[in-house]
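Since the structure comes first, as structure tokens, the remarks are kept for the end.
No hydrogens, no waters, no symmetry mates; every other heavy atom, side chains included, goes into these values. In this text, all values refer to a predicted model and were calculated from it rather than measured experimentally.
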Amino acid sequence: MGDTNGQVVAGGNGQGNRLDQLNYPTDVLIDKETDSLIICDRVNRRVVRWSRRSGTTLGEILIDNIDPYGLAMDDQRYLYISDIDKHEVRRYQIGDKNGTIVAGGNGEGAGLNQLNFPTYIFVDQQQTVYVSDNNNHRVMNRNKGAKEGIVIAGGQGYGNALTQLSYPQGLFVDTLGTIYVADSDNDRVMRWPKGAKQGTVIVGGNGYGEGANQLNYPDGLSFDRHGNLYVADRYNNRVQRFSIE
């Protein structure tokens, strides 16, 4: 905190597909067990791991021949990856290249067993998978072992009513099952309590712009342990921090 200069911890050698390069990375998580970063290296169609130890100059490929966008890891260290080309989410054991479908996997569509361009994902302690189903303008969840999902936010078509989402992206679910989602094309972050038919705007929602109360296509989001919300404010080329009551 307070450091205004970042430090390159993966890539940084220009755009490319060598093991010391990344191309359009979309998501990252920290694997504490191996003290490494796991990264969706999207245009290179692979998920890579970079050790956080100083002196690391190359990543290693965990999974390739995939169109990855979002990542999550559960308490058992299973890795979950959304595939925007196959419209599915798969669960992998580290070292396993094939994985198991845990959401979607029935082609592009709006059925309860389908997804359309799944982006960010979240997995809770019960291994329930939450997915920002981007082109369907909804958030889905799928319980472990279920054959289809449940619409838990949006799903009322593209629009800016409190019952709607427009190209949802970043996703976080708290221990009460409350969903926080970056409602990207509406330039706002919404909160949907478990079972609610509509959400509330907690950040933005004041049109797109550069003001402190505005966003311009919010993308990823994250919370720290003090409850502060961090939003990747894509077209404003900044990250904003908000205190959420």
Indicate yes or no for a side-chain donor-acceptor contact from [X] to the backbone of [Y] under 3.5 Å, with no hydrogens or angles considered.
X	Y	answer
D133	V139	no
R188	G207	no
S82	G70	yes
N228	R241	no
N136	G109	yes
D3	N5	yes
D233	N216	yes
D187	Y217	yes
R52	K32	no
N236	R238	no

Point to revise | Rounded distance (nearest 0.5 Å) linking atom SG of C40 with atom CG of L29 | key: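 Output value for this atom pair is 8.5 Å.
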Using only heavy-atom distances, determine whether the side chains of [X] and [Y] contain a donor-acceptor pair under 3.5 Å.
X	Y	result
Q127	Q76	yes
Q21	N13	no
Y230	D224	yes
Q156	T163	no
D74	Y80	yes

Practice item. Look at atom NZ of K97 and say whether more than 12 heavy atoms of other residues, nucleotides or ligands are closer to it than 6.0 Å. Key: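 Yes, the 6.0 Å shell around NZ holds more than 12 heavy atoms from other groups.
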Exercise for review: Can you establish whether the number of heavy atoms outside E148 located under 6.0 Å from its atom CD is more than 12?
Suggested key: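 Result for CD/E148: enclosed.
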Check your understanding: Taking the six-membered ring where the residue is Trp, are the ring centres of Y208 and Y235 under 6.0 Å apart?
Key ->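 Here the rings of Y235 and Y208 have centres that are no less than 6.0 Å from each other.
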Any non-hydrogen side-chain atom of [X] less than 4.5 Å from a side-chain atom of [Y]?
X	Y	result
L229	V203	yes
V231	V239	no
I66	Y92	yes
L22	W50	yes

Exercise for review: Start with the C-alpha distance between N23 and Q15, add both sets of side-chain angles, then the distance that settles side chain to side chain donor-acceptor pair (under 3.5 Å), and finish with yes or no.
Suggested key: CA-CA 5 Å; N23 193 344; Q15 179 181 2; 3.2 Å; yes
If you compare all heavy atoms of [X] against all heavy atoms of [Y], which two are closest, and at what distance to 0.1 Å?
X	Y	result
P168	S132	O-CB, 3.6 Å
R45	P68	CA-CD, 4.1 Å
T34	R77	CG2-NH2, 3.8 Å
L71	I38	CD1-O, 3.2 Å
N206	N213	ND2-O, 2.8 Å

Exercise for review: Any chance you could lay out the ring-ring contact (aromatic ring centres under 6.0 Å, His included) test for F117 and H87, step after step, and finish with the verdict?
Suggested key: CA-CA 5 Å; F117 204 86; H87 309 287; 7.4 Å; no
Exercise for review: Give a yes/no verdict on a cation-pi contact between R42 and Y24, requiring under 6.0 Å between NZ or CZ and the six-membered ring centre and an angle within 45° of the axis.
Suggested key: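 Geometry flag: set, cation within 6.0 Å and 45°.
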Exercise for review: Report yes or no: is the cationic atom of R91 (NZ for Lys, CZ for Arg) under 6.0 Å from the centre of the six-membered ring of Y78, at an angle within 45° of the ring normal?
Suggested key: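 Yes - R91 lies over the ring of Y78, closer than 6.0 Å to its centre and within 45° of its axis.
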Practice item. Begin with the C-alpha distance, continue with both residues' side-chain angles, and end with the deciding distance and a verdict on side chain to side chain donor-acceptor pair (under 3.5 Å) for Q169 and S184. Key: CA-CA 6 Å; Q169 294 269 27; S184 296; 4.5 Å; no
Review point. Are R234 and D219 within salt-bridge range, i.e. N to O under 4.0 Å?
Key: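 Yes, charged N to carboxylate O under 4.0 Å.
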Check your understanding: Where do D35 and R53 land on the salt bridge (Lys or Arg N to Asp or Glu O under 4.0 Å) test, with the steps shown first?
Key -> CA-CA 8 Å; D35 194 26; R53 287 190 290 274; 5.9 Å; no
